[in-house]
Amino acid sequence: MDTKQLLEWSDKHLMTTAKRNPIALVRGEGVRVWDSDGVEYLDFTGGIAVTALGHSHPRVVGTMREQAATLLHVSNLFHIPQQVHLAKLLCERSFADRVFFSNSGAEANETAIKLARKWAKEHGASDRGDIITMRGGFHGRTLATVTATAQEKYHHGFEPLPGGFKYVPFNDLRAVERAIDSRTAAVLVEPIQGEGGVNVPDDDYLPGLRKLCDEAGILLALDEIQTGMGRTGKLWAYEHTGVAPDIMTLAKALANGVPIGATLATEDVASVFTPGTHGSTFGGNSFATAVGLTVLTTLLEERLPERAAAAGRHLLDRLAAVQKKHSAVATAVRGRGLLAAMDLATPVGNVVSGCRERGLLVLTAGDNALRLAPPLIVDNATIDRAVEIVDRVLQDCRP
Ligand SMILES: Cc1ncc(COP(=O)(O)O)c(C=O)c1O
């Protein structure tokens, strides 16, 4: 189909919630994708940190074919073997004892919020329900999760917002300490803020939050929707910190692009959900969890978190060299594993377009940062090619 016509129909018939790149992607393989005119790109967006195994991974494709031809969906009125196996593997590889499956990151966080509130009510006073979240964080677009997202730009026009959320600055333990009171149920935080700008907190931040939560008898919920599944160089970002949460949410890379969400919790916390308290028609269906199981198994067998740690060091080194070279337009580089950002003193939109025109797809984050989140299978030579493109684009930029 004619690309121009397709983009016109897109403009005309889709609700304009996203600022889209003016290309239509039709095929992918590994780190590469092709548009409808046959142009090839390096995909350093990873579908916004989703396609950890890259595009069209043979094991993922194999599972999808097989499961689609066997059984797609039956509902949670029945036991679903793939769901059980995925939950078991997630629990064996994390702090958690139990899992609830849903269909997206926002739903995984909705579940975490409901779980934390119910736990707090059963373990304290009936008015305990407040969730403390961090400024600059991102937790989703449903009404509760957009309210948990402490960024007013996402709230405008959607009021009245649900109550029960308190915001504090990120990476500020004193502020959390001051905010905790008798109504607090939990602290919900990303180990590294992804959408907010790839903000990496101090090493003592998560341990400090853990301590504050323990002292107050409240829950620590980690949103690992972007940082989980090996992206930061460990399977879960909390593994860098020496402490574990009570609740963790996953989505994005868990099934490499097949919609899925998961809320993991300890036995004590999970026990407040009883039959009928929460649910999802599609959540954890045979297809999504079969793919999730293949993705997690492959990720572990191929030691992709370790690979992401090494490749991430290479990426950050190379980006730091480019930033130094163009320090008038690129002011800082940060990240962990294969989640990296570069602050720009030139409009990030121009850099995104410049990269795309030279064959590299990239993301933005925060106010004016470039964000890179390539598949975890990316090799150093491909990283070098991508960073060379960023280098050339910055060369042409004015501060
Ligand atoms: C940390 C984090 N939490 C939650 C979400 C929301 O996930 P979804 O878009 O699947 O609802 C995102 C999406 O970017 C995210 O990065």
Side-chain angles (χ1 to χ4, degrees), residues 1-28 33-37 39 41 43-51 55 72-73 101-113 133 136-162 165 190 193-197 223 225-226 249-261 280-283 285 287-288 347-353 355-357 361-371 373:
M1 134 140 252
D2 171 41
T3 301
K4 190 165 163 278
Q5 174 82 86
L6 188 82
L7 298 194
E8 273 169 25
W9 287 352
S10 174
D11 266 357
K12 188 163 176 227
H13 296 296
L14 291 171
M15 294 198 192
T16 46
T17 54
K19 259 193 215 148
R20 295 175 196 267
N21 283 272
I23 55 172
L25 298 176
V26 295
R27 187 163 71 85
V33 287
W34 287 265
D35 73 13
S36 49
D37 296 324
V39 179
Y41 302 89
D43 181 7
F44 271 54
T45 70
I48 323 185
V50 167
T51 52
H55 298 285
L72 201 62
H73 175 86
F101 288 106
S102 51
N103 312 287
S104 66
E107 276 180 82
N109 282 334
E110 285 273 344
T111 304
I113 293 163
T133 65
F138 188 87
H139 300 292
R141 304 287 198 149
T142 59
L143 277 170
T145 60
V146 87
T147 309
T149 297
Q151 301 193 57
E152 276 75 14
K153 68 179 180 191
Y154 293 115
H155 300 167
H156 286 316
F158 299 120
E159 301 83 358
L161 299 172
F165 294 92
E190 295 160 85
Q193 290 186 331
E195 301 300 308
D223 179 340
I225 285 163
Q226 188 150 161
T249 53
L250 303 175
K252 289 197 180 279
L254 182 52
N256 212 56
V258 171
I260 192 168
S280 166
T281 298
F282 292 129
N285 81 6
F287 186 76
V348 66
N350 297 347
V351 176
V352 171
S353 311
C355 288
R356 187 183 61 245
E357 282 154 16
L361 304 181
V362 292
L363 298 162
T364 64
D367 290 335
N368 203 46
L370 192 71
R371 178 173 37 142

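Because the structure is predicted, anything quoted here is derived from the model rather than measured. By convention here, the first residue in the shown sequence is residue 1.
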Would you please name every residue forming a ring-ring contact (aromatic ring centres under 6.0 Å, His included) with Tyr154, sequence neighbours left out?
Phe138
Please find out if less than 6.0 Å separates the ring center of His73 from that of Phe287.
no
One pair to check against side chain to side chain donor-acceptor pair (under 3.5 Å): Glu190 and Gln226. What are the steps and the verdict?
CA-CA 8 Å; Glu190 295 160 85; Gln226 188 150 161; 5.4 Å; no
For Val146 and Phe158, run side chain to side chain contact (heavy atoms under 4.5 Å, CB included): C-alpha distance rounded to whole Å, both residues' side-chain angles, the deciding distance at 0.1 Å, then the answer.
CA-CA 9 Å; Val146 87; Phe158 299 120; 5.5 Å; no
In sequence, state the C-alpha distance, the side-chain angles, and the governing distance for Cys355 and Leu361, and then conclude on side chain to side chain contact (heavy atoms under 4.5 Å, CB included).
CA-CA 6 Å; Cys355 288; Leu361 304 181; over 6 Å; no
Tell me which one of Thr147, Asp223, Thr133, Thr149 satisfies side-chain hydrogen bond (donor to acceptor under 3.5 Å, both in side chains) with His139.
Asp223
Across all chains, not counting sequence neighbours, the side chain to side chain donor-acceptor pair (under 3.5 Å) partners of Asn368 are none
pair Glu195-Arg371: side-chain heavy atoms closer than 4.5 Å
yes
I need the minimum non-hydrogen distance between Ala144 and Glu110, along with the two atoms involved.
CB-OE2, 3.1 Å
Might you confirm whether atom CG of Leu72 has over 12 heavy atoms from other residues, nucleotides or ligands at distances under 6.0 Å?
yes
Kindly list each side-chain donor-acceptor pair under 3.5 angstrom involving residues 3-25, sequence neighbours excluded, with atom names and distances?
from	atom 1	to	atom 2	distance (Å)
Thr3	OG1	Ser36	OG	2.7
Thr3	OG1	Asp37	OD1	2.8
Lys4	NZ	Glu8	OE2	3.4
Asn21	OD1	Arg356	NH1	2.6

Report the C-alpha distance between Asn256 and Thr51 in whole Å, list the side-chain angles of each, state the deciding distance to 0.1 Å, and finish with yes or no for side chain to side chain donor-acceptor pair (under 3.5 Å).
CA-CA 5 Å; Asn256 212 56; Thr51 52; 5.4 Å; no
